[in-house]
Amino acid sequence: MTHPDETRLNDYVDDLLTAADAAAVRHHLATCEPCRRTVEATRRLGADLAGLPRELSPQRDLRPTTLPRRGRRFRRGLRTGVPLRAAATILVVLTAGALTWLATGGRDGPSAPAAEPGAPVVPGVAIQPYAEAGRALLLTFEERRSDGPPEVARLVDRNLAAVDVAIAELERARAAAPEDPDLARLMEDRYRTRLQLLRGALALLSEG
Amino acid sequence: MAQRQTTDSRAIEETAGAAADQVVRRAQAGEEGAFDALYDAHVGRVYALCLRMTADRRAAEELVQDVFVRAWRRLDTFRGASAFSTWLHRVTVNVALDARKKDERRPDQLSALPDDALRAGDRDPTVGDPGRRLALERAVASLPHRARMAIVLYAIEGYRYEEVAELMDVSVGTVKSHIHRARSLLLERLGDA
């Protein structure tokens, strides 16, 4: 007696055989108990796997370290050499600068772009171009995020998310006070920080 | 009676779906409380998939964090063509597969999942016998990683062969090999062979 091989039996279980081939397997199963047991066990296994719970509860609350504003620890050190350590330092410095500036309410740290001499300074005028430039850089970063170690992408993700939370808060504040020049200036600075982070990230990815 | 129940069920689903859409829109508008709500609603499903794909509780927790950070970052790309849960599920699969690709040198480890890592978040798994369920989870966790990923995506998450092949970036033939191997090993380890 020639038994169907493992592939054929699995294809039979998965309904992938032609009608003629399936009929041939059924004919064999009618007289071969070992193969019939294998098919029955495979089907039972499939049913049991499909019946496993779709949700499982994490053993601890991941919320504080999952949502970006709370920050999190970084898993393991960087595995590669000097260029990435230097790069990580650059990102940390940029981020520390941005976060210090956020913590001080924007009183220290990056300032708005210098205006032309004699030209009136209009707070908020750079928001739109910064935001658009940021969107373009973000798309580029997303395309290239796998070019470097995952630690770099994670570091960028988390720090960008912290800046984005701050931007969202400012947008809500500006919705209530759209003419407030201080809010406009803060918003510009946040978008500029975001640009700096993305430019730094892309520079790191370019170094390879 | 049956028709009214069907109508009621549909109304409930539509209401739940509309409410879920509203939460997503609020999250897209930057409302943190809304994103918290999305997290609460979906973390169980995300964690289950991450845990089964990695067979490592700490790695799964890391991936859950990565999934929600990536979802937060890309929320404005969700257009509502599918359910949010479907979109988030695809993000989770991609995050898990990307992490594994970057970590190919990590040797497969036999499952060290403690029993309480497998607490069900939903109320009615259809595998009624808790002992069988635990044995099954442990057996899946003990599989070689490619076979495990393939069988999780196919047999537990319900993707078709072609979809698993696309997700894992391999041929359908390769997916079938992984699944056949997984089945054979599972049957042997469960004593069902």
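All heavy atoms count here, side chains included; hydrogens, waters and symmetry mates do not. Reminder, nothing fancy here: chain letters follow the sequence lines and each chain counts from 1.
Proximity of B:S177 to A:E6: side-chain heavy atoms (C-beta onward) are nowhere separated by under 4.5 Å. Residues A:L197 and A:V156 are not in side-chain contact: their nearest non-hydrogen atoms beyond the backbone lie 4.5 Å or more apart. Residues B:L75 and B:W87 meet the side-chain proximity criterion, which asks for heavy atoms closer than 4.5 Å.
At a threshold of 4.0 Å, the pair B:R183-A:D14 counts as salt-bridged, since one of the basic side-chain nitrogens sits closer than that to a carboxylate oxygen. Using a 4.0 Å cut-off between charged side-chain N and carboxylate O, A:D164 and B:R73 make a salt bridge. For B:E61 and B:R57, the salt-bridge test passes: some basic side-chain N is under 4.0 Å from an acidic carboxylate O. With respect to the salt-bridge test (charged N to carboxylate O, under 4.0 angstrom), the residues A:R192 and A:E188 do not qualify.
Applying the salt bridge (Lys or Arg N to Asp or Glu O under 4.0 Å) test to pairs two or more places apart or on separate chains, none has a residue in residues 82-96 of chain B. Contacts classified as salt bridge (Lys or Arg N to Asp or Glu O under 4.0 Å) and involving residues 20-30 of chain A (residues at least two apart or in different chains) are given here: A:R8-A:D21.
Within residues 79-86 of chain B, no residue approaches chain A closer than 4.5 Å by heavy atoms. Using non-hydrogen atoms only and a strict 4.5 Å limit, the part of residues 152-169 of chain B facing chain A consists of B:Y154, B:A155, B:I156, B:E157, B:Y161.
In terms of non-hydrogen atom pairs under 4.5 Å with chain A, the most contact-rich of B:R45, B:H42, B:K176, B:R70 is B:R45. In terms of heavy-atom pairs under 4.5 angstrom with chain B, the leader among A:V13, A:L45, A:L138 is A:L45.
Separation of atoms OG1 (A:T7) and NE2 (B:H180) is listed at 5.5 Å; rounding is to 0.5 Å. Note that the CG atom of A:D48 and the CZ atom of A:R43 stand 14.5 Å from one another [nearest 0.5 Å]. Taking CG from B:L143 and CZ from B:R181, the interatomic distance works out to 8.5 Å, rounded to the nearest 0.5 Å.
With a 4.5 angstrom heavy-atom cutoff, A:L16 touches chain B only via side-chain atoms. Of the two parts of A:I167, neither the backbone nor the side chain holds a non-hydrogen atom closer than 4.5 Å to a non-hydrogen atom of chain B. Only the side chain of B:I151 comes within less than 4.5 Å of a heavy atom of chain A; its backbone N, CA, C and O stay farther away.
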